[in-house]
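Letters A, B, ... mirror the listed sequences (proteins, then strands); counts begin at 1.
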Number of protein chains: 2
Amino acid sequence: MTDRPPGDIEALIALMARLPGLGPRSARRAVLHLLRKRAQVMDPLLRSLKAVAEGARDCQHCGNISDSPVCPVCADPRRQNGEICVVEDVADLWAMERAGGFRGRYHVLGGTLSMLDAVGPEDLGIPRLIERLQAEGVREVILALNATVEGATTAHYIAEAMAPHGVSVTTLAQGVPMGGELDYLDDGTIAAALAARRRL
Amino acid sequence: MTDRPPGDIEALIALMARLPGLGPRSARRAVLHLLRKRAQVMDPLLRSLKAVAEGARDCQHCGNISDSPVCPVCADPRRQNGEICVVEDVADLWAMERAGGFRGRYHVLGGTLSMLDAVGPEDLGIPRLIERLQAEGVREVILALNATVEGATTAHYIAEAMAPHGVSVTTLAQGVPMGGELDYLDDGTIAAALAARRRL
């Protein structure tokens, strides 16, 4: 049909629709919003996207994504405090930072070990993590992997790989989330919280 | 905090979060997706957004948005069939086109009459609509405005403005939507459908 939103606009809607959290309908609404507010919304978004596309890069130390070759966490000498937090993904690093409370550095695996997808320790930068232990005087490796089978398998592997290096390996506590109501929690979480119960 | 997603990336998340249908959380997920898939997703999106920002413009005849000064509907001589469909917004025009069935041209008001916001007939291009009646040999003006108070007020005004020009003015039927279940419909719709009941 010649009379549907044409060419470039339709292409942009299709690209937006592939972003997580958007579908064809919401992508169309978003693009229409851009078209209606060109100076106020579309132009700033275009400039911002261009800046990120040109500037964003993986931190050469930890794998975080930022605007500089060394991310702000690794660039801050106060954060070399002997603790490294291992996360699967940059999203998890950001979530940890939002939560606050961790004052050390990170190591982003970029995934989990997977026989099926042929993801081995090298792909996750585990040899590089071992190098960092001595170089940065690490005393504790905190595993903040997702509470999935893949996350647990990977955590187990890393714990074994750390063993010869004399660092303490810890993991995030499992239990009832803040504000969590027992009635709405899955059985696994309740069982884990019970097993890890502590004296008040 | 120096250690949150920094500078340019945070700015991009903030801009994305302001798009309709996205919030801070989904904007962050979308931007992370872009950062992870730079070649496959971010670069095509940047190119596409640039093309749209440079190319998209309002059709000088009907107010549709397209990549050319005259939109594909107005550029197609077969669509000068004596019918003009008046819509509030480009989104409504696109919805009409997706629905199919209408083979005439459009007139996009860009809003509704509003005393409060000082939106008068000139702001909605109603004088231009009157000019088009003769220029394009219009016989019927179909009002496809939203079923809101503002839409109804504007429809009433346009119907009066068309009266001296000898065109027939119609409006979309109101009633039960396709697949609509009475139990889930609002009372107003049911009452309107009852009042407009027709013989089987």
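The same ILVMFWY cluster, assembled from side-chain heavy atoms under 4.5 Å apart, contains both A:Val169 and A:Ile158. At a threshold of 4.5 Å between side-chain heavy atoms, the hydrophobic network of Ile, Leu, Val, Met, Phe, Trp and Tyr places B:Leu113 and B:Leu109 in one connected group. No chain of hydrophobic side-chain contacts below 4.5 Å, direct or via other Ile, Leu, Val, Met, Phe, Trp or Tyr residues, connects B:Ile130 to B:Tyr106. Under the 4.5 Å side-chain heavy-atom criterion for ILVMFWY residues, a single connected hydrophobic cluster contains both B:Val52 and B:Met16. The hydrophobic clustering, which links ILVMFWY residues whose side-chain heavy atoms are closer than 4.5 Å, places B:Val31 and B:Val41 together.
Side-chain contact between A:Ile65 and B:Ile9: present, with at least one pair of heavy atoms (C-beta onward) separated by less than 4.5 Å.
Of the listed residues (B:Leu35, B:Val90, B:Asp43), the greatest number of heavy-atom pairs within a distance under 4.5 Å of chain A belongs to B:Leu35. Among A:Ala91, A:Gly110, A:Gly55, A:Cys71, the residue with the largest count of heavy-atom pairs under 4.5 Å with chain B is A:Ala91. Most heavy-atom pairs under 4.5 Å with chain A: of the set B:Ala14, B:Gly21, B:Ala75, B:Ala53, this distinction falls to B:Ala53.
Only the side chain of B:Leu32 comes within contact range of chain A, with heavy atoms under 4.5 Å apart. Neither the backbone nor the side chain of B:Arg25 comes within contact range of chain A; no heavy atom of the residue lies under 4.5 Å from a heavy atom of that chain. Both the backbone and the side chain of A:Leu45 come within less than 4.5 Å of a heavy atom in chain B. Contact annotation for A:Arg47: neither backbone nor side-chain heavy atoms come within less than 4.5 Å of a heavy atom of chain B. Interface residue B:Asp58: backbone and side-chain heavy atoms are both found under 4.5 Å from chain A.
Crowding of B:Arg132 atom CZ: a count of heavy atoms from other residues, nucleotides or ligands under 6.0 Å exceeding 12. The number of heavy atoms from other shown groups lying within 6.0 Å of CG (A:Asp187) does not exceed 12. No more than 12 heavy-atom neighbours from other residues, nucleotides or ligands sit within 6.0 angstrom of NE2 on B:His156. For B:Gln174, the CD atom sits in a loose shell: 12 or fewer heavy atoms of surrounding residues, nucleotides or ligands are nearer than 6.0 Å. Surrounding CD of B:Gln60 are more than 12 heavy atoms belonging to other residues, nucleotides or ligands, all under 6.0 Å away.
Atom CG of A:Asp67 sits about 10.0 Å away from atom CD of B:Glu10, to the nearest 0.5 Å. Between the CG atom of A:Leu22 and the OG atom of B:Ser26 there is a distance of 7.0 Å, given to the nearest 0.5 Å. Here the CG atom belonging to A:Leu15 is positioned 10.0 Å from the CG atom belonging to B:Leu34, to the nearest 0.5 angstrom. The CZ atom of A:Arg36 sits 4.0 Å away from atom CG of B:Asp89, with the distance rounded to the nearest 0.5 Å.
The two residues A:Pro20 and B:Arg29 make their nearest non-hydrogen contact at CB-NH2, 3.6 Å. B:His33 and A:Arg18 get closest at one heavy-atom pair: NE2-O, 4.2 Å. The shortest heavy-atom contact between B:Ser48 and A:Ala11 is OG-C, 3.9 Å.
Shown are A:Leu46, A:Leu49, A:Asp8, A:Leu12; of these, the side chain to side chain contact (heavy atoms under 4.5 Å, CB included) with B:Lys50 is made only by A:Leu46.
Side chain of B:Arg38 to main chain of A:Ala56: a donor-acceptor pair is present (N/O by atom type, distance under 3.5 Å, no hydrogens or angles).
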